[in-house]
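The structure presented is a predicted model; accordingly, all values stated were derived computationally and were not measured.
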Amino acid sequence: MLVGLADLAIAPAAWLQPRRPSPDRIRRVLLMRLERIGDLLMVLDAIRDARTAWPDAEIDLAVGSWNVPIARLIPEVTRVEVADAPWLARANADVSVGALLARAHAWRRHHYDVVVNFEPDIRSNFLAWLTGAPRRFGYWTGGGGRLLTDADTYAPTTHVSVNARQLIARATGRPSPTQDQSTAAHLIPSPEAAAAADKVLQGRPGPLIGVHASGGRESKQWHLDRFAAVARKLAETRNATIVLTGAPGDRPLVDAVRRGLEGVPMIDASGTLDLPALGALLARLDLLITGDTGPMHLAAAVGTPLVALFGPSNPLRYGPLGIHQRILRIDLPCSPCGRVRLPPKRCRGHVPDCLDGISVDTVVAAANDLLDTTPARRPPVVV
């Protein structure tokens, strides 16, 4: 209702359309992805498509400040622009709508020929309009379609990556990709990030098996004691070293897993690495076991084999885009419900049924299958 009223209010903006550039004169492009780490990593293929279509253009990428370290690793991007949206910022962040609007308006000085907004959101569509670019591609589905020159429908049953690549295909006039055409775009860690990861790993021999126990939200949180049980079994049967990862705020969860790993060869890397160094560490693992998290997508982007546990979110929309992976989920009548932020009352305060049904033995079997069928890992080439 509110989005519809807002669309009516901004209808006059559609009358103020600058002259559109010829497709062969695209010199400056702005891509917008203001959301979380995983959201950015799921559009790497689309960013690569843009670079393939416009090989000589300057392609800038607008992201939230939390994603700047990762954005700077994307080789197809010319420059990273920072745009912190208050509706996406972490709690207590000093972010204002006025500052964001001023930032978007200041982008006019770059004289972008094309802006592509990967988010179906009326607010970010307004930011795209503020740039003054003569061609503005995005989605009308979340409102603000009149602020764009070319508005597509966001397909809610299709993977985020495919939606983004289809948007780039429309902007560039190229054929649309299909779901199975992912290029599994990789990030290459910098030498500094690789050195930080090596310092944490201390030259431990493989196999190295990572465990990222934090689900990020209560609705996506698997049992901590089961994470520990999986890690212990793999350490004992594969002669592996367990590498625990997590953000500083994940310390209570990581400590709970550690208590179940007494006597197990282990490295606690949680809270010690920035995002590029975490990517470098993940690139050195033989396997990562995780829920549906940002590190899951980061591991996929650096080519790490994955066992990913999915609950309320749909892997067909948000699954990792790696080459070697096993996605585990329970097929219940209510799953995937998609209610990650506000789960049903019966699923609050405990591990929801769609995750509770995933057993330790199931995860161990998937991990062993990957370890047996995936080539041994080698440190990535740093540039």
Sorted by chain and number, sequence neighbours left out, side-chain contact (heavy atoms from CB on, under 4.5 Å) with D353 holds for L332
What residues form a salt bridge (charged side-chain N to carboxylate O under 4.0 Å, His left out) with D152, not counting sequence neighbours?
-> R170
Salt-bridge test for D84 and R103: reply yes if a basic N is under 4.0 Å from a carboxylate O, no otherwise.
-> no
Backbone of R341 reached by a side-chain donor or acceptor of R217 within 3.5 Å = no
Are side-chain N/O atoms of N368 and R238 paired as donor and acceptor at under 3.5 Å?
-> yes
Results of side-chain contact (heavy atoms from CB on, under 4.5 Å) for A366 - residues two or more places apart only | V307, R326, L328
State, to 0.1 Å, how close W66 and L34 come at their nearest heavy-atom pair, and which atoms those are.
-> CZ2-O, 3.4 Å
S270 versus V254, closest heavy-atom pair with distance = OG-CG1, 3.6 Å
Under the salt bridge (charged side-chain N to carboxylate O under 4.0 Å, His left out) test, which residues partner D198, sequence neighbours left out?
-> R284
Flag the pair R33 / E35 as yes when at least one side-chain heavy-atom distance between them is below 4.5 Å, and no otherwise.
-> yes
All pairs passing ring pair (Phe, Tyr, Trp, His ring centres under 6.0 Å) where residues 306-339 contributes a residue, at least two apart = none
Checking side-chain contact (heavy atoms from CB on, under 4.5 Å) for the pair W54/V114: CA distance, chi angles, key distance, verdict?
-> CA-CA 11 Å; W54 297 310; V114 175; 4.2 Å; yes
Please collect all side chain to side chain donor-acceptor pair (under 3.5 Å) contacts where either partner lies in residues 201-215, sequence neighbours excluded, each pair once.
-> H212-T245, S214-D250
For R258, salt bridge (charged side-chain N to carboxylate O under 4.0 Å, His left out) partners two or more places apart | D268
Flag the pair L285 / L287 as yes when at least one side-chain heavy-atom distance between them is below 4.5 Å, and no otherwise.
-> no
So do V115 and L31 actually touch side chain to side chain, heavy atoms under 4.5 Å?
-> no
Identify the heavy atoms of I59 and E76 that sit nearest to each other, and give their distance.
-> CB-O, 4.1 Å
Qualifying residues under ring-ring contact (aromatic ring centres under 6.0 Å, His included), relative to F118, sequence neighbours excluded | none
Are I330 and I358 close enough that some pair of their side-chain heavy atoms sits under 4.5 Å apart?
-> yes
Quick one: are K220 and S313 in side-chain contact, heavy atoms under 4.5 Å?
-> yes
Got a second to check how far F126's CZ is from L100's CG, nearest 0.5 Å?
-> 10.0 Å
Rounded to the nearest 0.5 Å, what's the gap from OH on Y139 to CG on D121? Could you check?
-> 12.5 Å
When rounded to the nearest 0.5 Å, the distance separating CD1 of I74 from CD1 of I47 is 4.0 Å
Does some side-chain heavy atom of D60 sit less than 4.5 Å from a side-chain heavy atom of R28?
-> yes
Give the intermediate values and the outcome of side-chain contact (heavy atoms from CB on, under 4.5 Å) for residues V68 and V82.
-> CA-CA 7 Å; V68 168; V82 181; 3.6 Å; yes
List the atom of T272, the atom of A269, and the distance in Å for their closest heavy-atom pair.
-> OG1-O, 2.8 Å
Inspect the contact between R136 and D113 and indicate whether a charged nitrogen and a carboxylate oxygen are less than 4.0 angstrom apart.
-> no
Applied to residues 221-244, the ring pair (Phe, Tyr, Trp, His ring centres under 6.0 Å) test, sequence neighbours excluded, yields W222-F227
What are the two closest heavy atoms between L288 and V211, and how far apart are they?
-> CD1-N, 4.0 Å
N239, CG atom: more than 12 neighbouring heavy atoms under 6.0 Å = no
Without swapping roles, check the side chain of Q325 against the backbone of A300 for a donor-acceptor pair under 3.5 Å.
-> no
How far apart are the C-alpha atoms of I209 and L371, what are their side-chain angles, what is the distance that settles it, and do they pass the side-chain contact (heavy atoms from CB on, under 4.5 Å) test?
-> CA-CA 10 Å; I209 298 177; L371 290 168; 4.0 Å; yes
Looking only at heavy atoms, what is the nearest atom pair of S335 and R329, with distance?
-> O-NH2, 3.2 Å
Does any non-hydrogen side-chain atom of L309 lie less than 4.5 Å from one of V363?
-> yes
E58 side chain reached by H110 side chain, heavy atoms, under 4.5 Å | no
With P352 via side-chain contact (heavy atoms from CB on, under 4.5 Å) - residues at least two apart = C347, C354, L355
For R146 and N125, what are the C-alpha separation, side-chain angles and deciding distance, and is it a side chain to side chain donor-acceptor pair (under 3.5 Å)?
-> CA-CA 9 Å; R146 294 177 183 270; N125 281 343; over 6 Å; no
Does the side-chain contact (heavy atoms from CB on, under 4.5 Å) test come out yes or no for V116 and I168, once each step is laid out?
-> CA-CA 8 Å; V116 179; I168 291 295; 4.1 Å; yes
Are the charged groups of D356 and R226 less than 4.0 angstrom apart, N to O?
-> yes
Mind checking salt bridge (charged side-chain N to carboxylate O under 4.0 Å, His left out) for D255 and listing every partner two or more places apart, or none if nothing turns up?
-> R251
Let me know which of V160, L44, L41, L40 forms a side-chain contact (heavy atoms from CB on, under 4.5 Å) with H297.
-> L41
Set of residues satisfying side-chain contact (heavy atoms from CB on, under 4.5 Å) with respect to R174, sequence neighbours excluded | T52, A53, T172
In terms of hydrophobic clustering (I, L, V, M, F, W, Y; side-chain heavy atoms under 4.5 Å; direct or indirect links), are I37 and V340 co-clustered?
-> no
